[in-house]
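Chain letters run A, B, ... following the sequence lines, proteins first, then strands; residues in each count from 1.
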Amino acid sequence: MEKTDDFVKQITKKSEDFSRWYTDVIKRAKLADYAPIKGVMVIRPYGYEIWELIRDQLDRMFKDTGHQNAYFPLLIPESLLKKEAEHVEGFAPEVAWVTMGGSEPLEERLAIRPTSEAIICSMYAKWIKSWRDLPLKINQWTNIVRWEKVTRPFLRTTEFLWQEGHTAHASCKEAEEETLSILEIYKTFIEKYLAIPVITGLKSDSEKFAGALKTYCVETLMPDGKSLQAGTSHHLGQNFSKAFGIRFENKNQELEYAWQTSWGVTTRLIGALVMVHGDDSGLILPPEISPVQTVIVPISRGDWKETILPQAENIYHELKQNNIRVILDDRDTYTPGWKFSEWEVKGVPVRLELGPKDLEKKQVVLVNRINRDKKFVPVENLVETLKKLLADIQSELLSRARAFNASQTHIARTESEIIDIIETRRGLVKTAWCGSPQCEIPIKEKASATIRAILDQPDSQFEKCAICGKAPRHTVIFAKSY
RNA sequence: CGGGGCGUAGCGCAGUCUGGUAGCGUAUCGGUUUUGGGAACCGAGGGUCGGAGGUUCAAAUCCUCUCGCCCCGACCA
(Lines give C-alpha, C1' and ligand atoms only; values in the text may rest on other atoms or scores of the structure.)
Protein backbone atom coordinates (compact mmCIF):
# COMPACT_ATOMS: atom_id res chain seq x y z
CA MET A 1 0.00 0.00 0.00
CA GLU A 2 2.63 2.49 1.10
CA LYS A 3 4.88 1.53 -1.75
CA THR A 4 2.34 2.08 -4.49
CA ASP A 5 1.66 5.63 -3.30
CA ASP A 6 5.21 6.58 -4.08
CA PHE A 7 4.94 5.86 -7.78
CA VAL A 8 4.15 9.47 -8.36
CA LYS A 9 6.56 11.96 -6.91
CA GLN A 10 6.34 15.67 -6.26
CA ILE A 11 2.75 15.77 -5.12
CA THR A 12 1.98 16.67 -1.53
CA LYS A 13 -0.14 13.98 0.12
CA LYS A 14 -3.86 14.69 0.06
CA SER A 15 -4.18 13.89 3.74
CA GLU A 16 -1.19 15.98 4.75
CA ASP A 17 -2.02 19.36 3.24
CA PHE A 18 -5.19 19.40 1.19
CA SER A 19 -4.71 22.89 -0.27
CA ARG A 20 -1.18 22.24 -1.32
CA TRP A 21 -2.15 18.84 -2.75
CA TYR A 22 -4.85 20.54 -4.81
CA THR A 23 -2.54 23.06 -6.42
CA ASP A 24 0.22 20.47 -6.87
CA VAL A 25 -2.15 18.21 -8.81
CA ILE A 26 -3.33 21.04 -11.03
CA LYS A 27 0.23 21.99 -11.88
CA ARG A 28 1.56 18.45 -12.28
CA ALA A 29 -1.36 17.27 -14.40
CA LYS A 30 -0.94 20.41 -16.52
CA LEU A 31 -4.55 21.49 -16.11
CA ALA A 32 -3.63 25.11 -15.53
CA ASP A 33 -0.79 27.46 -14.71
CA TYR A 34 -0.58 30.83 -13.02
CA ALA A 35 -0.70 33.78 -15.41
CA PRO A 36 1.35 36.94 -14.86
CA ILE A 37 -1.71 38.73 -13.46
CA LYS A 38 -2.90 38.40 -9.92
CA GLY A 39 -5.64 35.82 -9.54
CA VAL A 40 -5.63 34.84 -13.20
CA MET A 41 -4.77 31.42 -14.56
CA VAL A 42 -4.05 29.94 -17.94
CA ILE A 43 -6.15 26.87 -18.67
CA ARG A 44 -3.74 24.52 -20.41
CA PRO A 45 -4.76 22.13 -23.20
CA TYR A 46 -5.45 19.19 -20.90
CA GLY A 47 -7.63 21.27 -18.59
CA TYR A 48 -9.34 22.88 -21.53
CA GLU A 49 -10.18 19.48 -23.02
CA ILE A 50 -12.07 18.67 -19.84
CA TRP A 51 -13.91 21.98 -20.13
CA GLU A 52 -14.75 21.19 -23.77
CA LEU A 53 -16.27 17.85 -22.76
CA ILE A 54 -18.29 19.52 -20.00
CA ARG A 55 -19.38 22.20 -22.45
CA ASP A 56 -20.32 19.82 -25.25
CA GLN A 57 -22.45 17.66 -23.01
CA LEU A 58 -24.26 20.50 -21.27
CA ASP A 59 -24.73 22.29 -24.57
CA ARG A 60 -26.53 19.24 -25.95
CA MET A 61 -28.75 19.14 -22.89
CA PHE A 62 -29.59 22.84 -23.23
CA LYS A 63 -30.35 22.52 -26.93
CA ASP A 64 -32.48 19.44 -26.36
CA THR A 65 -34.63 21.56 -24.06
CA GLY A 66 -35.10 24.37 -26.56
CA HIS A 67 -32.28 26.78 -25.78
CA GLN A 68 -30.14 28.56 -28.35
CA ASN A 69 -26.67 30.02 -28.05
CA ALA A 70 -25.82 33.66 -28.75
CA TYR A 71 -23.08 36.08 -27.86
CA PHE A 72 -23.46 39.34 -25.97
CA PRO A 73 -20.77 42.00 -25.49
CA LEU A 74 -18.00 41.88 -22.93
CA LEU A 75 -18.43 45.55 -22.02
CA ILE A 76 -21.47 46.87 -20.19
CA PRO A 77 -22.17 50.62 -19.85
CA GLU A 78 -22.35 51.67 -16.21
CA SER A 79 -25.84 53.09 -16.69
CA LEU A 80 -27.19 49.67 -17.67
CA LEU A 81 -25.57 47.92 -14.76
CA LYS A 82 -27.15 50.42 -12.38
CA LYS A 83 -30.71 49.83 -13.51
CA GLU A 84 -31.49 47.03 -11.11
CA ALA A 85 -30.66 48.38 -7.65
CA GLU A 86 -30.01 45.15 -5.74
CA HIS A 87 -28.04 43.76 -8.66
CA VAL A 88 -25.55 46.61 -8.85
CA GLU A 89 -25.19 46.68 -5.09
CA GLY A 90 -24.34 42.99 -5.05
CA PHE A 91 -21.72 43.17 -7.75
CA ALA A 92 -20.25 46.67 -7.29
CA PRO A 93 -17.31 45.59 -5.12
CA GLU A 94 -15.99 43.15 -7.70
CA VAL A 95 -16.49 44.91 -11.02
CA ALA A 96 -13.48 45.78 -13.19
CA TRP A 97 -13.91 48.99 -15.17
CA VAL A 98 -12.67 50.26 -18.52
CA THR A 99 -12.17 53.99 -18.24
CA MET A 100 -9.92 54.84 -21.20
CA GLY A 101 -10.30 54.37 -24.95
CA GLY A 102 -6.76 54.60 -26.23
CA SER A 103 -5.49 57.76 -24.59
CA GLU A 104 -8.92 59.39 -24.25
CA PRO A 105 -10.95 59.10 -21.05
CA LEU A 106 -14.41 57.61 -21.74
CA GLU A 107 -17.51 59.69 -21.09
CA GLU A 108 -19.14 56.72 -19.45
CA ARG A 109 -17.08 53.97 -17.92
CA LEU A 110 -17.68 50.42 -19.07
CA ALA A 111 -17.90 47.39 -16.82
CA ILE A 112 -16.21 44.19 -17.87
CA ARG A 113 -19.12 41.80 -17.39
CA PRO A 114 -19.32 40.24 -13.94
CA THR A 115 -22.49 38.55 -15.28
CA SER A 116 -24.66 39.58 -18.22
CA GLU A 117 -28.19 40.18 -16.93
CA ALA A 118 -27.92 43.91 -17.59
CA ILE A 119 -26.75 43.80 -21.18
CA ILE A 120 -29.01 40.90 -22.09
CA CYS A 121 -32.11 42.45 -20.49
CA SER A 122 -31.46 45.67 -22.37
CA MET A 123 -31.64 43.68 -25.62
CA TYR A 124 -34.61 41.59 -24.51
CA ALA A 125 -36.51 44.84 -23.99
CA LYS A 126 -36.13 45.48 -27.72
CA TRP A 127 -36.90 41.96 -28.86
CA ILE A 128 -39.91 41.09 -26.74
CA LYS A 129 -43.17 42.83 -27.63
CA SER A 130 -45.80 40.10 -27.84
CA TRP A 131 -46.71 36.87 -26.07
CA ARG A 132 -45.71 35.30 -29.40
CA ASP A 133 -42.09 36.28 -28.71
CA LEU A 134 -42.08 34.13 -25.58
CA PRO A 135 -40.54 32.08 -24.23
CA LEU A 136 -37.13 33.38 -25.23
CA LYS A 137 -34.41 30.97 -24.14
CA ILE A 138 -30.82 32.01 -24.84
CA ASN A 139 -27.54 30.75 -23.45
CA GLN A 140 -23.99 31.97 -23.91
CA TRP A 141 -20.59 30.35 -23.32
CA THR A 142 -18.21 33.07 -22.32
CA ASN A 143 -15.74 34.59 -19.90
CA ILE A 144 -16.46 36.66 -16.83
CA VAL A 145 -14.33 38.97 -14.71
CA ARG A 146 -14.85 39.46 -10.99
CA TRP A 147 -12.21 41.27 -8.94
CA GLU A 148 -11.92 38.71 -6.16
CA LYS A 149 -9.68 39.30 -3.19
CA VAL A 150 -8.73 35.70 -2.65
CA THR A 151 -8.29 33.38 -5.59
CA ARG A 152 -7.54 29.71 -6.21
CA PRO A 153 -7.14 27.93 -9.54
CA PHE A 154 -10.55 26.89 -10.94
CA LEU A 155 -12.36 27.46 -7.64
CA ARG A 156 -12.19 31.23 -7.71
CA THR A 157 -10.21 33.19 -10.27
CA THR A 158 -10.48 36.78 -11.41
CA GLU A 159 -11.40 35.71 -14.92
CA PHE A 160 -13.28 32.46 -15.48
CA LEU A 161 -15.30 30.65 -18.11
CA TRP A 162 -18.95 29.77 -17.73
CA GLN A 163 -22.25 29.41 -19.44
CA GLU A 164 -25.07 31.74 -18.55
CA GLY A 165 -28.62 31.04 -19.62
CA HIS A 166 -31.14 33.88 -19.71
CA THR A 167 -34.78 33.18 -20.38
CA ALA A 168 -37.98 35.22 -20.49
CA HIS A 169 -41.45 33.77 -20.03
CA ALA A 170 -45.09 34.81 -20.10
CA SER A 171 -45.92 33.60 -16.61
CA CYS A 172 -44.43 33.15 -13.18
CA LYS A 173 -45.28 29.46 -13.27
CA GLU A 174 -43.47 28.94 -16.55
CA ALA A 175 -40.36 30.74 -15.29
CA GLU A 176 -40.40 28.63 -12.15
CA GLU A 177 -40.63 25.48 -14.24
CA GLU A 178 -37.69 26.61 -16.34
CA THR A 179 -35.63 27.35 -13.22
CA LEU A 180 -36.33 23.89 -11.85
CA SER A 181 -35.78 22.06 -15.12
CA ILE A 182 -32.32 23.62 -15.42
CA LEU A 183 -31.58 22.65 -11.84
CA GLU A 184 -32.46 19.10 -12.82
CA ILE A 185 -30.14 19.26 -15.85
CA TYR A 186 -27.28 20.41 -13.60
CA LYS A 187 -27.96 17.67 -11.09
CA THR A 188 -28.14 14.99 -13.77
CA PHE A 189 -25.03 16.22 -15.50
CA ILE A 190 -22.91 16.51 -12.37
CA GLU A 191 -23.92 13.12 -11.01
CA LYS A 192 -23.94 11.18 -14.27
CA TYR A 193 -20.91 12.67 -15.98
CA LEU A 194 -18.76 14.11 -13.21
CA ALA A 195 -19.70 11.34 -10.74
CA ILE A 196 -20.16 13.91 -8.00
CA PRO A 197 -23.24 13.56 -5.80
CA VAL A 198 -25.16 16.79 -5.30
CA ILE A 199 -27.65 18.34 -2.96
CA THR A 200 -30.20 20.59 -4.61
CA GLY A 201 -32.23 23.20 -2.83
CA LEU A 202 -33.11 26.82 -2.40
CA LYS A 203 -30.86 29.57 -1.07
CA SER A 204 -31.92 31.63 1.92
CA ASP A 205 -32.42 35.35 1.24
CA SER A 206 -28.98 36.19 2.56
CA GLU A 207 -27.34 33.85 0.03
CA LYS A 208 -29.48 34.39 -3.03
CA PHE A 209 -28.32 36.06 -6.24
CA ALA A 210 -28.34 39.87 -6.29
CA GLY A 211 -31.64 40.80 -7.91
CA ALA A 212 -33.27 37.38 -7.94
CA LEU A 213 -36.62 36.34 -6.52
CA LYS A 214 -35.31 32.89 -5.68
CA THR A 215 -31.98 31.13 -6.15
CA TYR A 216 -31.82 27.36 -6.45
CA CYS A 217 -28.44 25.73 -6.11
CA VAL A 218 -26.48 22.56 -6.63
CA GLU A 219 -24.14 22.01 -3.68
CA THR A 220 -21.35 19.45 -3.59
CA LEU A 221 -19.31 18.28 -0.62
CA MET A 222 -15.53 18.43 -0.88
CA PRO A 223 -13.12 16.06 0.92
CA ASP A 224 -12.08 18.77 3.39
CA GLY A 225 -15.67 18.99 4.63
CA LYS A 226 -16.50 22.25 2.90
CA SER A 227 -19.39 22.68 0.53
CA LEU A 228 -18.86 23.94 -3.01
CA GLN A 229 -21.63 25.63 -4.94
CA ALA A 230 -21.39 23.88 -8.28
CA GLY A 231 -24.21 25.63 -10.08
CA THR A 232 -27.10 28.02 -9.62
CA SER A 233 -30.46 28.57 -11.25
CA HIS A 234 -32.27 31.81 -10.46
CA HIS A 235 -35.90 32.70 -10.78
CA LEU A 236 -35.63 36.45 -11.37
CA GLY A 237 -39.35 37.14 -11.20
CA GLN A 238 -40.14 40.52 -12.74
CA ASN A 239 -37.30 42.36 -10.99
CA PHE A 240 -35.21 42.79 -14.11
CA SER A 241 -38.08 43.10 -16.57
CA LYS A 242 -39.41 46.03 -14.57
CA ALA A 243 -35.98 47.67 -14.34
CA PHE A 244 -35.26 47.21 -18.05
CA GLY A 245 -38.80 47.56 -19.40
CA ILE A 246 -39.22 44.09 -20.83
CA ARG A 247 -42.96 44.18 -21.55
CA PHE A 248 -45.19 42.19 -23.84
CA GLU A 249 -48.82 42.31 -24.80
CA ASN A 250 -50.59 39.19 -23.59
CA LYS A 251 -53.49 37.34 -25.16
CA ASN A 252 -55.95 39.61 -23.34
CA GLN A 253 -54.32 42.64 -24.94
CA GLU A 254 -52.80 43.77 -21.64
CA LEU A 255 -49.23 44.97 -21.21
CA GLU A 256 -47.32 42.70 -18.85
CA TYR A 257 -43.74 42.43 -17.60
CA ALA A 258 -41.91 39.24 -18.56
CA TRP A 259 -40.91 36.61 -16.01
CA GLN A 260 -37.25 35.73 -16.20
CA THR A 261 -34.63 33.20 -15.19
CA SER A 262 -30.86 33.04 -15.30
CA TRP A 263 -28.54 30.14 -14.53
CA GLY A 264 -24.92 29.11 -14.82
CA VAL A 265 -22.10 26.72 -14.17
CA THR A 266 -18.42 27.56 -14.43
CA THR A 267 -14.92 26.14 -14.83
CA ARG A 268 -15.19 25.67 -11.06
CA LEU A 269 -16.61 22.24 -11.91
CA ILE A 270 -13.09 21.20 -12.89
CA GLY A 271 -11.88 22.12 -9.40
CA ALA A 272 -14.61 19.94 -7.93
CA LEU A 273 -13.53 17.01 -10.13
CA VAL A 274 -9.96 17.34 -8.94
CA MET A 275 -10.87 17.50 -5.26
CA VAL A 276 -13.58 14.85 -5.11
CA HIS A 277 -11.90 12.05 -7.04
CA GLY A 278 -8.14 12.70 -6.93
CA ASP A 279 -5.64 10.84 -4.76
CA ASP A 280 -1.97 11.02 -3.76
CA SER A 281 -0.92 10.08 -7.29
CA GLY A 282 -2.88 12.89 -8.90
CA LEU A 283 -6.14 13.15 -10.76
CA ILE A 284 -8.72 10.45 -11.19
CA LEU A 285 -11.10 11.41 -13.97
CA PRO A 286 -14.50 9.81 -14.40
CA PRO A 287 -14.47 8.08 -17.82
CA GLU A 288 -17.48 10.07 -19.06
CA ILE A 289 -15.57 13.34 -18.82
CA SER A 290 -11.96 12.18 -19.24
CA PRO A 291 -10.23 13.52 -22.36
CA VAL A 292 -8.38 10.22 -22.50
CA GLN A 293 -10.40 7.21 -21.37
CA THR A 294 -7.70 4.68 -22.08
CA VAL A 295 -4.01 5.04 -22.75
CA ILE A 296 -2.16 2.26 -24.52
CA VAL A 297 1.40 1.85 -23.29
CA PRO A 298 3.40 -0.59 -25.41
CA ILE A 299 6.22 -2.19 -23.45
CA SER A 300 9.20 -0.93 -25.34
CA ARG A 301 11.99 -3.45 -25.33
CA GLY A 302 14.09 -5.01 -28.05
CA ASP A 303 12.43 -4.96 -31.43
CA TRP A 304 9.12 -3.69 -30.01
CA LYS A 305 8.59 -1.36 -32.94
CA GLU A 306 8.34 -4.33 -35.30
CA THR A 307 6.50 -6.72 -32.99
CA ILE A 308 4.44 -4.91 -30.36
CA LEU A 309 3.74 -1.56 -31.96
CA PRO A 310 1.77 -2.91 -34.96
CA GLN A 311 -0.54 -4.84 -32.64
CA ALA A 312 -0.85 -1.78 -30.35
CA GLU A 313 -1.86 0.23 -33.41
CA ASN A 314 -4.50 -2.35 -34.32
CA ILE A 315 -5.96 -2.13 -30.85
CA TYR A 316 -5.82 1.66 -30.98
CA HIS A 317 -7.84 1.77 -34.20
CA GLU A 318 -10.35 -0.74 -32.95
CA LEU A 319 -11.00 1.21 -29.75
CA LYS A 320 -11.18 4.49 -31.62
CA GLN A 321 -13.73 3.05 -34.04
CA ASN A 322 -15.79 2.03 -31.06
CA ASN A 323 -15.86 5.60 -29.74
CA ILE A 324 -13.46 5.14 -26.90
CA ARG A 325 -11.25 8.19 -26.37
CA VAL A 326 -7.91 6.45 -26.61
CA ILE A 327 -4.33 7.43 -27.19
CA LEU A 328 -1.34 5.30 -28.04
CA ASP A 329 1.75 6.46 -26.19
CA ASP A 330 4.40 5.27 -28.63
CA ARG A 331 7.07 7.75 -27.62
CA ASP A 332 10.41 6.00 -27.51
CA THR A 333 11.93 8.73 -25.38
CA TYR A 334 10.29 7.60 -22.16
CA THR A 335 10.33 4.26 -20.37
CA PRO A 336 7.07 2.41 -19.68
CA GLY A 337 7.37 3.13 -15.95
CA TRP A 338 7.67 6.84 -16.61
CA LYS A 339 4.59 6.75 -18.79
CA PHE A 340 2.59 4.84 -16.17
CA SER A 341 3.24 7.57 -13.63
CA GLU A 342 2.57 10.38 -16.05
CA TRP A 343 -0.84 9.06 -17.07
CA GLU A 344 -1.74 8.37 -13.49
CA VAL A 345 -1.07 11.99 -12.59
CA LYS A 346 -3.37 12.94 -15.43
CA GLY A 347 -6.09 10.69 -14.08
CA VAL A 348 -6.64 8.47 -17.13
CA PRO A 349 -9.09 5.84 -15.81
CA VAL A 350 -7.70 2.81 -17.63
CA ARG A 351 -4.20 1.97 -18.80
CA LEU A 352 -3.75 -0.77 -21.36
CA GLU A 353 -0.32 -2.41 -21.33
CA LEU A 354 0.90 -4.56 -24.17
CA GLY A 355 4.22 -6.40 -23.97
CA PRO A 356 5.93 -9.46 -25.47
CA LYS A 357 4.35 -11.86 -22.95
CA ASP A 358 0.89 -10.50 -23.74
CA LEU A 359 1.48 -10.80 -27.45
CA GLU A 360 2.34 -14.45 -26.94
CA LYS A 361 -0.78 -15.14 -24.88
CA LYS A 362 -3.06 -13.02 -27.10
CA GLN A 363 -3.96 -10.84 -24.11
CA VAL A 364 -3.58 -7.29 -22.84
CA VAL A 365 -3.22 -5.88 -19.34
CA LEU A 366 -5.90 -3.48 -18.14
CA VAL A 367 -5.03 -1.37 -15.09
CA ASN A 368 -7.73 0.43 -13.12
CA ARG A 369 -6.65 3.93 -12.03
CA ILE A 370 -8.71 3.82 -8.84
CA ASN A 371 -6.88 0.90 -7.22
CA ARG A 372 -4.21 -0.13 -9.75
CA ASP A 373 -5.86 -3.53 -10.08
CA LYS A 374 -4.37 -5.42 -13.01
CA LYS A 375 -6.50 -7.63 -15.20
CA PHE A 376 -5.14 -9.87 -17.91
CA VAL A 377 -7.83 -10.05 -20.55
CA PRO A 378 -8.01 -11.71 -23.96
CA VAL A 379 -7.68 -9.49 -27.02
CA GLU A 380 -10.90 -11.03 -28.23
CA ASN A 381 -13.92 -9.04 -27.00
CA LEU A 382 -11.55 -6.31 -25.79
CA VAL A 383 -13.95 -3.49 -26.64
CA GLU A 384 -16.70 -5.07 -24.60
CA THR A 385 -14.43 -5.80 -21.64
CA LEU A 386 -13.01 -2.31 -21.68
CA LYS A 387 -16.39 -0.59 -21.92
CA LYS A 388 -17.57 -2.60 -18.96
CA LEU A 389 -14.50 -1.59 -16.95
CA LEU A 390 -14.96 2.07 -17.84
CA ALA A 391 -18.60 1.90 -16.76
CA ASP A 392 -17.59 0.19 -13.52
CA ILE A 393 -15.06 2.91 -12.78
CA GLN A 394 -17.65 5.59 -13.48
CA SER A 395 -20.14 4.08 -11.05
CA GLU A 396 -17.50 3.23 -8.47
CA LEU A 397 -16.42 6.88 -8.34
CA LEU A 398 -19.97 8.04 -7.80
CA SER A 399 -20.78 5.47 -5.14
CA ARG A 400 -17.51 6.12 -3.38
CA ALA A 401 -18.31 9.85 -3.27
CA ARG A 402 -21.88 9.10 -2.15
CA ALA A 403 -20.59 6.99 0.72
CA PHE A 404 -18.29 9.83 1.75
CA ASN A 405 -21.17 12.32 1.68
CA ALA A 406 -23.32 10.04 3.78
CA SER A 407 -20.54 9.65 6.33
CA GLN A 408 -20.07 13.43 6.50
CA THR A 409 -23.72 14.37 6.88
CA HIS A 410 -24.68 14.94 10.48
CA ILE A 411 -27.95 15.66 12.23
CA ALA A 412 -28.14 18.55 14.69
CA ARG A 413 -31.08 19.73 16.78
CA THR A 414 -29.63 22.70 18.63
CA GLU A 415 -27.42 25.69 17.91
CA SER A 416 -24.57 24.32 20.00
CA GLU A 417 -24.77 20.96 18.23
CA ILE A 418 -24.47 22.69 14.86
CA ILE A 419 -21.47 24.71 15.98
CA ASP A 420 -19.83 21.74 17.63
CA ILE A 421 -20.15 19.57 14.53
CA ILE A 422 -18.88 22.31 12.21
CA GLU A 423 -15.89 22.96 14.41
CA THR A 424 -14.91 19.40 15.19
CA ARG A 425 -15.98 17.38 12.18
CA ARG A 426 -16.98 19.83 9.46
CA GLY A 427 -19.13 18.26 6.75
CA LEU A 428 -22.82 18.89 6.18
CA VAL A 429 -25.13 19.58 9.07
CA LYS A 430 -28.77 18.81 8.56
CA THR A 431 -31.11 20.68 10.85
CA ALA A 432 -34.39 22.55 11.07
CA TRP A 433 -34.87 26.28 10.56
CA CYS A 434 -37.79 28.58 11.23
CA GLY A 435 -37.06 30.71 8.17
CA SER A 436 -35.93 33.84 10.01
CA PRO A 437 -32.71 35.51 8.83
CA GLN A 438 -32.00 36.23 12.51
CA CYS A 439 -31.46 32.53 13.09
CA GLU A 440 -28.74 32.25 10.44
CA ILE A 441 -26.59 34.91 12.07
CA PRO A 442 -25.31 33.10 15.18
CA ILE A 443 -24.08 30.13 13.15
CA LYS A 444 -22.27 32.38 10.74
CA GLU A 445 -20.70 34.41 13.54
CA LYS A 446 -19.71 31.53 15.75
CA ALA A 447 -18.83 28.80 13.26
CA SER A 448 -18.57 30.72 9.96
CA ALA A 449 -21.03 28.29 8.42
CA THR A 450 -24.08 29.25 6.41
CA ILE A 451 -27.20 27.63 5.05
CA ARG A 452 -26.03 26.03 1.83
CA ALA A 453 -29.43 24.74 0.81
CA ILE A 454 -33.02 24.67 1.94
CA LEU A 455 -34.15 21.16 1.06
CA ASP A 456 -37.28 20.56 -1.04
CA GLN A 457 -38.70 17.98 1.32
CA PRO A 458 -38.86 18.91 5.00
CA ASP A 459 -37.68 16.15 7.28
CA SER A 460 -40.41 15.32 9.79
CA GLN A 461 -37.96 14.21 12.48
CA PHE A 462 -37.31 17.82 13.47
CA GLU A 463 -39.77 19.43 15.89
CA LYS A 464 -38.32 22.91 16.25
CA CYS A 465 -35.87 25.44 14.79
CA ALA A 466 -32.42 24.58 16.09
CA ILE A 467 -31.68 28.19 16.93
CA CYS A 468 -34.82 29.86 18.27
CA GLY A 469 -36.92 26.81 19.09
CA LYS A 470 -39.97 28.02 17.17
CA ALA A 471 -41.87 25.83 14.74
CA PRO A 472 -39.57 24.71 11.89
CA ARG A 473 -40.50 25.72 8.37
CA HIS A 474 -37.60 24.12 6.55
CA THR A 475 -35.01 21.41 6.73
CA VAL A 476 -31.67 22.96 5.81
CA ILE A 477 -28.02 22.09 5.33
CA PHE A 478 -25.47 24.19 7.18
CA ALA A 479 -21.82 23.97 6.14
CA LYS A 480 -18.69 25.94 5.62
CA SER A 481 -18.29 26.80 1.99
CA TYR A 482 -15.78 27.64 -0.70
C1' C B 1 -8.84 43.68 4.01
C1' G B 2 -6.39 41.22 8.62
C1' G B 3 -2.69 37.04 10.11
C1' G B 4 1.30 33.87 8.42
C1' G B 5 4.84 32.11 4.73
C1' C B 6 7.83 32.66 0.35
C1' G B 7 10.55 35.21 -4.07
C1' U B 8 18.12 32.27 -5.80
C1' A B 9 18.83 28.02 -13.24
C1' G B 10 12.52 25.43 -16.48
C1' C B 11 10.74 23.09 -11.60
C1' G B 12 11.87 21.93 -6.21
C1' C B 13 15.25 23.90 -2.79
C1' A B 14 20.15 25.04 0.21
C1' G B 15 23.12 29.24 1.06
C1' U B 16 21.12 34.80 4.45
C1' C B 17 21.79 34.32 11.40
C1' U B 18 28.01 35.30 11.22
C1' G B 19 29.06 39.90 4.04
C1' G B 20 34.37 37.38 0.74
C1' U B 21 34.69 32.98 -6.57
C1' A B 22 26.39 31.36 -6.72
C1' G B 23 25.47 25.74 -5.18
C1' C B 24 22.42 20.88 -4.80
C1' G B 25 18.44 17.68 -6.75
C1' U B 26 15.62 17.29 -10.94
C1' A B 27 14.60 18.74 -15.84
C1' U B 28 17.24 20.22 -20.62
C1' C B 29 21.24 19.13 -24.58
C1' G B 30 25.22 15.36 -26.59
C1' G B 31 27.07 10.21 -26.23
C1' U B 32 26.94 4.88 -24.78
C1' U B 33 24.25 0.98 -22.59
C1' U B 34 19.04 0.28 -21.32
C1' U B 35 13.35 -0.24 -21.26
C1' G B 36 6.91 -5.12 -17.58
C1' G B 37 6.45 1.03 -12.10
C1' G B 38 9.40 7.79 -13.19
C1' A B 39 16.85 3.65 -16.07
C1' A B 40 22.55 3.96 -15.43
C1' C B 41 27.12 6.14 -16.52
C1' C B 42 30.19 10.05 -18.89
C1' G B 43 30.12 15.01 -20.62
C1' A B 44 27.77 20.00 -21.60
C1' G B 45 24.70 24.36 -21.43
C1' G B 46 21.71 27.36 -18.42
C1' G B 47 21.60 32.91 -13.07
C1' U B 48 21.53 40.63 -14.01
C1' C B 49 19.81 35.82 -6.41
C1' G B 50 11.76 39.70 -7.64
C1' G B 51 12.78 45.31 -8.23
C1' A B 52 14.82 50.20 -6.54
C1' G B 53 17.82 52.80 -3.27
C1' G B 54 21.44 52.74 0.76
C1' U B 55 25.76 50.91 4.06
C1' U B 56 30.64 48.63 2.72
C1' C B 57 37.04 47.70 -0.16
C1' A B 58 33.24 43.88 -1.09
C1' A B 59 25.95 42.46 -0.68
C1' A B 60 21.88 36.68 -2.48
C1' U B 61 23.48 37.80 2.67
C1' C B 62 22.95 43.98 6.49
C1' C B 63 19.31 48.55 6.28
C1' U B 64 15.04 51.25 3.87
C1' C B 65 11.27 51.25 0.38
C1' U B 66 8.57 48.59 -3.19
C1' C B 67 6.29 44.65 -6.35
C1' G B 68 4.50 39.77 -6.76
C1' C B 69 2.91 34.88 -5.32
C1' C B 70 0.98 31.09 -1.87
C1' C B 71 -1.70 29.55 2.64
C1' C B 72 -5.31 30.63 6.74
C1' G B 73 -9.41 33.91 8.06
C1' A B 74 -13.64 37.87 6.82
C1' C B 75 -16.44 38.56 1.57
C1' C B 76 -17.87 36.19 -3.16
C1' A B 77 -19.48 31.12 -8.39
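- The residue A:Thr267 sits apart from the nucleic acid: no heavy atom pair falls under 4.0 Å.
- Contact check, A:Ser448 against B:A74: a side-chain N or O comes under 4.0 Å of OP1 or OP2.
- Proximity of A:Ser19 to the phosphate of B:C70: no side-chain N or O atom is located under 4.0 Å from OP1 or OP2.
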Show the distances under 3.5 angstrom between N or O atoms of the protein and N or O atoms of nucleotides 3-5 of chain B.
none

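- Listed pair A:Thr335 / B:A39 meets the phosphate criterion, a side-chain N or O lying under 4.0 Å from OP1 or OP2.
- Applying the ring-ring contact (aromatic ring centres under 6.0 Å, His included) test to pairs two or more places apart or on separate chains, those with a residue in residues 138-157 of chain A are A:Trp51-A:Trp141.
- By the side-chain hydrogen bond (donor to acceptor under 3.5 Å, both in side chains) test, A:Tyr316 pairs with no residue at all, sequence neighbours left out.
- With respect to the salt-bridge test (charged N to carboxylate O, under 4.0 angstrom), the residues A:Glu344 and A:Arg351 qualify.
- Contact check, A:Lys444 against B:C75: a side-chain N or O comes under 4.0 Å of OP1 or OP2.
- In this structure, B:G43 forms a base pair with B:C29, meeting either the Watson-Crick or the G-U wobble geometry with both donor-acceptor distances under 3.5 Å.
- For the OP1/OP2 pair of B:C71 and a distance below 4.0 Å, the side-chain nitrogens and oxygens of A:Arg152 include at least one atom meeting the criterion.
- Within 4.0 Å of A:Asp358, counting heavy atoms only, lies at least one base atom of the nucleic acid.
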